[in-house]
Amino acid sequence: MPRNILIIDDHDDLATALDAEFSSRGYQVTVTETRAAAVKEVAKSSFDVVITDLDGTNLNCAEDETGAMNCLPEPLEGGRSNVKVFKICLRDLVKKGFNESEVEGIVRTTLDYKAKYIDRGPKIKDRHEKIEFVMPSVISLMNDILTYLIKRVEKLGVVNPERSNLFVALDEAFVNAVKHGNKFDNTKLVQISVEIRPGTATFTIEDEGEGFDVATIPDPTDPQNLFKTSGRGVMFIYNIMDEVTYNQRGNRLTMVKHQDPE
């Protein structure tokens, strides 16, 4: 059976392009303009991939929403027009089986088209963006996703592209989630959530692994651990980010980067 893709896009430019592209590849594509309409579609059909590109005003709750809408963005009561939400969720695709080239094609195509329509709406300096990826543990997805995120953070003025090592920190966090958290099991998910507000970007990366105690990582600055590779990635993250926290289980990492000084 063909894959089912749900696209939720209130401006229709991204949806039209992706509908034509994915339909030409044999996918079944459904398009809605609001989160409320998407809830009704999810109640009727099963979707392997859900792509969301909405303003705050179209993120309201549906009246009769029931069940876990894991692939839909969180609703905003009343809506906030300055919020932009972009999300790619492959949760159900992972459950049904996939190959890496298929996933790469879906993600890369979506990001390529998204880049063409990304800066419409409110002024960039006032933009409040939420970006989410729910992906299988596939290392090959890393470069496309991280490149997209870096460009957004740079565009919104949080980091200076000539001086930032942000890519290094995000790369380490992603690899740790896939390698150490999910142990390269591509049936397990990695969730990447990014919230960009004026002057600040918050990144959260969560895996489905057992977690760990960050306090047990050998101190990479200790001369006795000079030739140990364990812990170096965590050191890079702490040095590059302004705030770093793990949840109690140790499978969710939250990193905050403030705007670079002029």
Side-chain angles (χ1 to χ4, degrees), residues 1-59 62 67 69-73 84-121 129-152 155 174 178 186-194:
M1 295 181 62
R3 303 290 194 188
N4 289 329
I5 298 179
L6 175 62
I7 302 174
I8 317 163
D9 178 14
D10 48 10
H11 290 300
D12 190 45
D13 40 21
L14 180 64
T16 297
L18 290 180
D19 188 359
E21 180 67 35
F22 288 136
S23 293
S24 70
R25 301 183 189 183
Y27 294 109
Q28 297 292 327
V29 180
T30 300
V31 176
T32 69
E33 296 182 358
T34 67
R35 185 185 186 281
V39 169
K40 295 178 181 179
E41 291 295 334
V42 170
K44 295 187 298 183
S45 304
S46 174
F47 293 96
D48 304 300
V49 179
V50 179
I51 300 168
T52 302
D53 189 24
L54 290 175
D55 292 347
T57 51
N58 292 308
L59 283 164
M69 300 299 177
N70 292 327
C71 266
L72 299 182
K84 302 287 185 179
V85 175
F86 175 55
K87 181 174 182 177
I88 305 176
C89 180
L90 278 63
R91 182 186 303 275
D92 288 340
L93 182 66
V94 172
K95 294 178 182 178
K96 297 179 182 179
F98 64 95
N99 60 63
E100 290 192 14
S101 61
E102 178 185 22
V103 170
E104 290 172 17
I106 291 171
V107 173
R108 184 171 295 125
T109 297
T110 303
L111 293 179
D112 285 346
Y113 277 109
K114 173 61 177 171
K116 299 177 182 179
Y117 307 109
I118 199 166
D119 289 324
R120 299 185 178 189
E129 286 191 11
K130 292 185 176 182
I131 306 169
E132 298 180 70
F133 297 94
V134 181
M135 298 289 159
S137 301
V138 175
I139 287 290
S140 58
L141 295 174
M142 175 178 59
N143 188 70
D144 288 328
I145 291 175
L146 297 191
T147 298
Y148 176 82
L149 293 178
I150 293 297
K151 287 181 178 179
R152 291 315 300 152
K155 184 72 174 181
F174 188 95
V178 173
N186 64 16
T187 66
K188 291 184 177 181
L189 296 167
V190 175
Q191 299 190 53
I192 304 171
S193 302
V194 182

Indicate the atoms forming the closest heavy-atom contact of R91 with C71, along with that distance. CB-SG, 3.7 Å
Tell me the closest heavy-atom pair linking R35 and L59, and the distance in Å. CD-O, 3.8 Å
How many angstroms lie between CD1 in I106 and CG in L93, if you round to the nearest 0.5 Å? 5.5 Å
Measure the spacing between NZ of K87 and CD1 of I8 and express it to the nearest 0.5 Å. 9.0 Å
What heavy-atom pair brings P2 and Q28 nearest, and what distance separates the two atoms? CG-CG, 3.6 Å
Side chain to side chain contact (heavy atoms under 4.5 Å, CB included), paired with M135, selected from I145, L189, I192: I145
Residue list, ring-ring contact (aromatic ring centres under 6.0 Å, His included) with Y27, at least two apart or on another chain: F22
To the nearest 0.5 Å, how far apart are OG1 in T34 and CG in D10? 9.0 Å
Criterion side chain to side chain contact (heavy atoms under 4.5 Å, CB included) on F133 and L141, from CA distance to verdict: CA-CA 11 Å; F133 297 94; L141 295 174; over 6 Å; no
Using every non-hydrogen atom in the two residues, find where K84 and D55 come nearest and quote the distance to one decimal. NZ-OD1, 2.6 Å
Candidates T110, V194, T52 - the one meeting side chain to side chain contact (heavy atoms under 4.5 Å, CB included) with F86: T110
Gap separating the CG atom of D53 from the NZ atom of K114, nearest 0.5 angstrom: 3.0 Å
S140-E104 side chain donor-acceptor pair, cut-off 3.5 Å: yes
Less than 4.5 Å apart, any side-chain heavy atom of L111 and any of I88? yes
Just jot down the salt bridge (charged side-chain N to carboxylate O under 4.0 Å, His left out) partners of D19, sequence neighbours excluded, or say none. none
Looking at E33, I want to see if its CD is surrounded by more than 12 non-hydrogen atoms of other residues, nucleotides or ligands under 6.0 Å. no
Nearest heavy-atom neighbours spanning F174 and I139: CE2-CA, 4.4 Å
Do K96 and S46 have side-chain atoms, one donor and one acceptor, less than 3.5 Å apart? yes
Going through the checks in order, is the side chain to side chain contact (heavy atoms under 4.5 Å, CB included) test met by T30 and N4? CA-CA 8 Å; T30 300; N4 289 329; over 6 Å; no
Working to the nearest 0.5 Å, report the span between CG of D9 and CG of L54. 7.0 Å
Has D48 got a side-chain atom pairing as donor or acceptor with D92's backbone, closer than 3.5 angstrom? no
Closest non-hydrogen atom pair, Y113 against L18: CD1-CD2, 3.6 Å
Partners passing salt bridge (charged side-chain N to carboxylate O under 4.0 Å, His left out) against D144 (at least two apart in sequence or in another chain): R108
